[in-house]
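A short worksheet on the structure shown next.
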Amino acid sequence: MKLLKNEVQHLVMEALETLGGDSSLVEKMLQASREITQGDLTLPCFPFAKALGMAPVAIAENLKDAMKPHDAVSDVTAVNGYLNIRASPSWLAKQLLAGRSRHAADEIRTDVLIEHTSANPNGPFHVGRARNAILGDTLVRLHRLWGNRVTAEYYVDDMGKQVAVLAWALENMSKQEVEELLSDRDPVNSQWMNKADHQRVRFYQAAQRRRQEGSDAEEIEKAIGSLVHASEHGDESVLEAFERAYQPVLDGMLETLGRLGVHFDRFTKESTFVVNGDVADLMEELSGLGINGVAENGAQYLDLGQRGLKGKTEFFYRRGDGSSLYATRDIAYHRWKWRQCDRLVNVLGEDHKLQAQQVGLTLVELGERKPEVMFYSFIKLPEGKMSTRRGNVVFMDDLLEEAHAHAKEVLKERRPELSASEVANIAEAVGTSAVRFNIVNVSPEKGFTFRWEDALSFEAGSAPFIMYSHTRACSIRRRVQEIDPHAEPSSSVDMLDEDQMPEGLVALLRTLAVHDDRLSKAVREHRPNLFAEYMLHLSTAYNMFYRDCYIVQNGQINTFFYTVSELARAALKGGMEGLGIVALESM
RNA sequence: GGGCGUGUAGCACAGCUGGAUAAUGCACCGGCCUCCUAAGCCGGAGAUCGCGGGUUCGAAUCCUGCCACGCCCGCCA
């Protein structure tokens, strides 16, 4: 609790100095209490024992007695060698009501560029890719909640083999031929028949099959090879043909993502840096580096082993034919990105770890900084790995439909009086929010197994749980305004005496007070799950407050409670937006 | 074979820059709707923190060995 720490750290330091202890350690050691029931800040006294020649238990006791009283502190205790400091709830309330709980502006807000998703535009968005989009978009939103200026960027892979296969198939195969080749597979869900990503992926899949099994596989390979070659040398007519092939697919994917609340500020095409010459310039510059090496056929690489890379140390950036590689273009892209931000973050699957290291080391070699990377591990199905080729994928479009349908069922049972359009609206919000939360709630580097029952769970620990708390706060506001249309939250209200404050109120005040502590950590360490956890705590705290503190009773409005409720409502709403959960006012 | 990551109640997940009785949810058991929405609240039970060593006053947390799982080790993207 930084709010409290700012206030009392010097008191703890002074108390420690009276015992002759090294107060410079206090800054680091005075930390949020692990046992929330014990207090808000805790100083473990063990590290001071040796220097003071005193038992930790005695140090804690002495510190307790030496601490000067302060408005912000309601209680200081010494337990088992820990000095526990509890914030005064009424002091907390005053700070919160006066808007002083936000971290000070000394924690700089910056320009951040976050690249995420960047999936190849060759087919519908599936759940396996969802982690990138949802984590990335959440990170974007959390940075914005914190106050940073953010550009969310999608790097479009508009050249190379995958797009070439798609373009070739659309040019050279008929719809009928495609369906014949794929006759052993499930047909396109009729609901998505007219969605270009679902339509065109069939061409891609059929072409893949012909490339592998067809009698003319060799010729096809040749044709595709020449397209790839042309695109890599910046042939604009080929690149334009590619774009005509993938753009409708990308649009379909973005429609799906939009339904999840995932949006981008900018799309940057990979070919940009080939066409504008940046890649050629870059390769020229790389070839002049001391760690440059040349293979027999003229291909070039950097020996990153000399810069500490383990395992395979040769990093190839130029083929024997002189063309660039994906990673080379990525480096050109990164230099371009660095010219427009202070902080650069990439969201990447764990399969990109080596490549990210190569790109990072090369950037350093060129005098640039490494980007920050949020890695996540893949989503798998209970049956095993997801694979487009084997056809065991869950499309995001289908998941969202399921989630919507499930929410609708729940809703019909709970709120039979709602109209069809209200039901549709709420079900969509609940369904998409639940899907997002299910993914964002787990730590990115942990493996994730997609289970329908988890994705569609609406109970405690889910997005609807948070949404529900928020609607309660909204409902209360509506009631207050019905009673008195001019009712306003007020920062100058009579508060309850500290000893009369109910448990739920105190819990809520304490939770609101640590909002920025948790947000700043989530943003700094790119760990959205930490903030998701906070939002669950906040919702629980609001529910306790709701239980203990009647804002409207016998037609009378309790302005203090109402003010606290409104603070919580704002925090809930802001936090929900930060997580991409739809903040409904009624559900 | 080498590199990186993960391993915490039946399941899922937090805590990991060393500190108290390892937090939370699901499932399980028991209570709460004449009272601001019960998608809620209260209580109960459930954990050799993968296994073995080491460092330390103190280890889920740090070091080391082993085991299991994932990812990578293309002049692919």
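Just so we're on the same page: letters track the sequence lines, and every chain starts at 1. Not measured: the values here are computed from a predicted model.
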If you look at every strand shown and take non-hydrogen atoms under 4.0 Å, does [X] touch a base, only sugar-phosphate, or nothing?
X: A/Tyr550; answer: base
X: A/Val552; answer: base
X: A/Pro47; answer: base
X: A/Glu232; answer: sugar-phosphate
X: A/Leu536; answer: nothing
X: A/Asn84; answer: base

OP1 or OP2 of [N] versus the side-chain N and O atoms of [X]: is any pair under 4.0 Å?
X: A/Lys446; N: B/rG7; answer: yes
X: A/Arg547; N: B/rC42; answer: yes
X: A/Thr42; N: B/rA20; answer: no

Between [N] and [M], how many Å separate the two [atom1] atoms, rounded to a whole number?
N: B/rG7; M: B/rA12; atom1: P; result: 12 Å
N: B/rC11; M: B/rU55; atom1: P; result: 34 Å
N: B/rC42; M: B/rC69; atom1: C1'; result: 40 Å
N: B/rU61; M: B/rC26; atom1: P; result: 29 Å
N: B/rG31; M: B/rG15; atom1: P; result: 36 Å
N: B/rU8; M: B/rC13; atom1: C1'; result: 9 Å

| query | For the pair made of CG in A/Leu505 and P in B/rC41, what is the distance, rounded to whole Å? | reply |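 Result: 17 Å.
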| request: Take A/Ser462 and A/Gln38, find for each the nucleotide of RNA chain B with the closest heavy atom, and name the residue whose nucleotide sits nearer the 5' end. | output: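 Nearer the 5' end of the strand: A/Gln38.
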| request: With RNA chain B as reference, determine whether A/Asn80 or A/Arg415 sits nearer its 5' end, using the nearest nucleotide of each. | output: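 Its nearest nucleotide being more 5', the pick is A/Asn80.
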| Looking only at side chains, do A/Arg472 and A/Asn543 share a donor and an acceptor under 3.5 Å apart? |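 Their side chains do contain a donor-acceptor pair, which is all the 3.5 Å distance test asks for.
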| query | Does the side chain of A/Asn292 pick up a donor-acceptor pair with the side chain of A/Ser287 at under 3.5 Å? | reply |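 Short answer, no.
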| task | May I ask you to check whether over 12 heavy atoms, not counting those of A/Gln31, lie within 6.0 Å of atom CD? | result |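 Count over threshold, so yes.
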| query | Is it true that A/Tyr154 and A/His116 have ring centroids separated by less than 6.0 Å? | reply |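 Not under 6.0 Å, so no.
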| Taking O4'-C1'-N9-C4 for purines and O4'-C1'-N1-C2 for pyrimidines, is B/rC33 syn (within 90° of 0) or anti? |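 Because its glycosidic torsion lies within 90° of 0, B/rC33 adopts the syn conformation.
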| task | For the pair A/His515 and A/Phe531, name the ring-plane relationship: parallel under 30°, tilted 30 to 60°, perpendicular over 60°. | result |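 If you compare the ring of A/His515 with that of A/Phe531, the planes turn out perpendicular.
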